[in-house]
There are 2 protein chains.
Amino acid sequence: MDDISASPPGHTEGRRGRRGSGKVRITDVAKLAGVAPITVSRVLNAPSSVAAETLRRVQEAINRTGYVPNMLAGGLASSRSHLIAALVPTIASPVFQATWEALTETFSGAGYHVTFGQTGYGGAREDELIKTMIARRPDGIVLTGIMHSPSGRRRLIEADIPVVETWDLTPTPIDMLVGFSHEHIGEAVAKYLHGKKKIRIAVITAADERARRRAKGLATGAARLGIATILAPEVPMFVAAAPGTLGSGRKGLIDLLARHPEVDAVFCSSDMLALGVMIEAQARGIPVPERIAVVGYGDLNFAVDTVPALTTVSVDGPAIGRLAARCIIDRAQGRSVAEPIVDVGFSIVERASA
Amino acid sequence: MDDISASPPGHTEGRRGRRGSGKVRITDVAKLAGVAPITVSRVLNAPSSVAAETLRRVQEAINRTGYVPNMLAGGLASSRSHLIAALVPTIASPVFQATWEALTETFSGAGYHVTFGQTGYGGAREDELIKTMIARRPDGIVLTGIMHSPSGRRRLIEADIPVVETWDLTPTPIDMLVGFSHEHIGEAVAKYLHGKKKIRIAVITAADERARRRAKGLATGAARLGIATILAPEVPMFVAAAPGTLGSGRKGLIDLLARHPEVDAVFCSSDMLALGVMIEAQARGIPVPERIAVVGYGDLNFAVDTVPALTTVSVDGPAIGRLAARCIIDRAQGRSVAEPIVDVGFSIVERASA
DNA sequence: AGGGCCAATGGTAGCGCTACCATTGATTTG
DNA sequence: CAAATCAATGGTAGCGCTACCATTGGCCCT
């Protein structure tokens, strides 16, 4: 009872039975520590409910054996997988980076692991992905944008898992929501550029639904102010796979100037596009912002270092991540979520390019 | 036996017993289809072993009930989680993007889901992360770079899970390896710049171990060629968290020119840094490549569109991803892996900047 | 025709963990 | 001082699935 006899750090003692991984299990640790398996479980999941001396003994046994709990088994038994599924267009998009970082960080602090599933910007694999995600029984699901597909919505609702939609706004979320209005951004940019005496505003955008809504907002705002907009056709290259690239920004400006030489301002759907526009402008000797003003979106870390420094739309990405995580954690702990719909807003960061 | 009577698409029939998710289980589907649970399991996991008519009936039952298998239970029972853990510095780094994309794609095609764990560039949380990853019993683990920490190596070996190390080379991998030599890259760049009559080469690098080894390779190569190098101290900002930024590239060049005005070439540890260098050079009226040549690393999608177009080191990222996935898939299927150590090499893409 | 073989399906017994209730002994309370 | 309370621990019975080994019936072979 008080003798913790060391056993050789368990392996190759002939795999037991017909199945099993042949690895250390909770019962092995329990035996070594002279307690019941459930006590080891408590040491791991609710250490405050175990006596100090017992805690010590069990922890020593864990170290001695190199025990690593099997979360598949734990999750199955407790219906808590400690897993969060995040559906994102692509993990590499710098626009969302800060959000996923904060999300991961916040969840990690609460004992959850975030796993990302990539839907692609078209959202084609979305439905299939939701199914495979639900198959792992996550404790929460975070979506990028609003889930539009009815089948996807149904699946999520039937799965009975807390869901947070992010980076957008709708009066009818599936469950919870942390985002902002893309239409309002467009309108605000129109107003901003109007204030800068720009009257012929164009848009260069990647084929992204939310970007398109920002463009629509711009058109609405401009119309209201009585100024012209030129909604350029989508930049044809690089559009599908990823957020806009430097190259498509350059091509966008070339195309735009060919068709509408009178343009005096461009609203880009990402800072990378905006950088491309400015590089092309510089190559052609077009002064920014005097001749053409450029506004980006995302406020990426390089925006402050471009020449001229980029005026851009900034969204508090980390806040979205933190709040989304909070929503799910609160829900998981049985607390009711005070604000199931949060608008984090946005701001226009004025620099030199517009 | 032949009557598939519809039951109301199961929910809210009062959660059974004291536990359980209250959701459709495999037995519910089996009952509805008039078969044993194991047959439903086979429909899902080995459909070719089931008669066509049975297959049809079971699939209809699955659709009717909206059944989504519980992979926690399945994984526990079969010791196959269909999960792959990938440890990466940060998911957002554009340098690795193509690799993770190909990796995810290849695994996805074989029925695996890839989950990413972020170690941070310092690798501080690495050990802890490995533990939590192993707790989910992945069928394979993919590492970015070589695992150096002895405790990490031990854990991985004891876990008895296939491991692939990537993006680097070592004669003593834990298990399998797909990468290339960073030293050789440095040497090749030295040779390349020497061929361009550059004799005072500097390095601007992020605080990344592999980047530092490329710099070392450059020094080695330059020394062998009898030309000078200036190994600049690390750019002090943005260094820890992420790959180099545009801003740190600009700062790097400023710093370098202040201390070593004679510099005639700069090797950057990432294309983003290189872009920053070129922007700063342009702002100062320094002609690239005539006065200073710039070489990047990564061959990111914007490299071809910078002004001047960026000469950079290209690595076949997708190949690394595909091959790493193949290694693990082969191993999982009991096949022996023909080449457990693969050197994918690299190339220098000559454009205008050097 | 009898044996062997194979394709298709099922019964049973776990996988490794935790929820749910005991149970124990020590401590408090009226 | 008996009853009630509490902190600490344990026994039992699953969680939902699949490995393993039958079992069944049809087909081929000699």
Side-chain angles (χ1 to χ4, degrees), chain A residues 1 10 15-31 33-58 62 65 67-83 134-137 139 159, chain B residues 1 10 15-31 33-58 62 65 67-83 134-137 139 159:
Chain A
M1 200 73 62
R15 345 228 108 172
R16 57 193 73 51
R18 54 202 176 116
R19 291 198 290 189
S21 56
K23 285 219 284 294
V24 184
R25 293 152 310 174
I26 202 168
T27 50
D28 300 323
V29 176
K31 227 166 280 173
V35 297
I38 185 77
T39 300
V40 178
S41 173
R42 278 195 268 257
V43 167
L44 263 23
N45 302 314
S48 65
S49 70
V50 177
E53 166 59 13
T54 312
L55 196 71
R56 206 194 49 67
R57 280 224 316 282
V58 171
I62 289 173
T65 53
Y67 172 66
V68 179
N70 183 331
M71 295 188 78
L72 298 178
L76 178 60
S78 66
S79 294
R80 306 177 84 262
S81 61
H82 292 274
L83 191 75
I134 290 177
R136 300 210 184 263
R137 301 296 188 264
D139 292 337
Chain B
M1 202 70 63
R15 345 227 106 172
R16 57 192 74 50
R18 53 198 176 121
R19 292 198 290 188
S21 56
K23 287 218 284 293
V24 185
R25 292 154 310 175
I26 203 168
T27 50
D28 300 323
V29 176
K31 227 166 282 175
V35 297
I38 186 77
T39 299
V40 178
S41 173
R42 279 194 268 258
V43 167
L44 263 23
N45 302 314
S48 65
S49 70
V50 177
E53 166 59 12
T54 312
L55 196 71
R56 205 195 47 70
R57 279 224 317 281
V58 171
I62 288 173
T65 53
Y67 171 64
V68 179
N70 183 332
M71 294 188 79
L72 298 179
L76 179 60
S78 66
S79 294
R80 306 178 85 262
S81 60
H82 292 275
L83 190 75
I134 291 177
R136 300 213 183 261
R137 300 298 189 265
D139 293 338

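Quick note on labels: first sequence line is chain A, next is B, and so on, each numbered from 1.
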Between [atom2] on [N] and [atom1] on [X], what's the gap in Å once rounded to a whole number?
X: B:Leu76; N: D:dA19; atom1: CG; atom2: P; result: 12 Å
X: A:Tyr67; N: C:dG16; atom1: OH; atom2: C1'; result: 7 Å
X: B:Ile26; N: C:dT9; atom1: CD1; atom2: P; result: 15 Å
X: B:Arg57; N: C:dG10; atom1: CZ; atom2: C1'; result: 14 Å
X: B:His82; N: D:dT18; atom1: NE2; atom2: P; result: 9 Å
X: A:Arg25; N: C:dC15; atom1: CZ; atom2: P; result: 7 Å
X: B:Asn70; N: C:dC17; atom1: CG; atom2: P; result: 17 Å
X: B:Lys31; N: C:dG10; atom1: NZ; atom2: C1'; result: 15 Å

Check: To the nearest 0.5 Å, how far apart are CG in A:Leu72 and CE in B:Met71?
Finding: 9.5 Å

Note to self: To the nearest 0.5 Å, what is the distance between NZ on A:Lys23 and OH on A:Tyr67?
What the structure shows: 11.0 Å

Using modelled atom types only, decide if a donor and an acceptor are shared between the side chain of [X] and the backbone of [Y] within a distance under 3.5 Å.
X: B:Asp139; Y: B:His82; answer: yes
X: B:Ser78; Y: B:Gly74; answer: yes
X: B:Asp28; Y: B:Arg25; answer: yes
X: B:Ser81; Y: B:Gly75; answer: no

Item checked: Within residues 37-55 of chain B: residues closer than 4.0 Å to DNA chain C (heavy atoms) -> B:Ile38, B:Thr39, B:Arg42, B:Val50, B:Ala51, B:Thr54

Note to self: Rounding to 10°, can you tell me the angle the first-five-pair axis of the helix from C:dA1-D:dT30 to C:dG30-D:dC1 makes with its last-five-pair axis?
What the structure shows: 30°

Next item on the list: Dump the intermediate steps for side chain to side chain contact (heavy atoms under 4.5 Å, CB included) on B:Leu44 and B:Ile62, then the final yes or no.
Entry: CA-CA 10 Å; B:Leu44 263 23; B:Ile62 288 173; 3.5 Å; yes

Item checked: Counterpart residues, side-chain contact (heavy atoms from CB on, under 4.5 Å), relative to A:Ala36 (two or more places apart) -> A:Ile38, A:Thr39

Next item on the list: Quick one: label B:Ala36 by what it contacts on the DNA or RNA (base, sugar-phosphate, nothing), any heavy atom closer than 4.0 Å.
Entry: sugar-phosphate

Notebook entry, point to check: Which heavy atom of A:Leu55 sits nearest a heavy atom of A:Val50, and at what distance?
Noted result: N-CG1, 3.8 Å

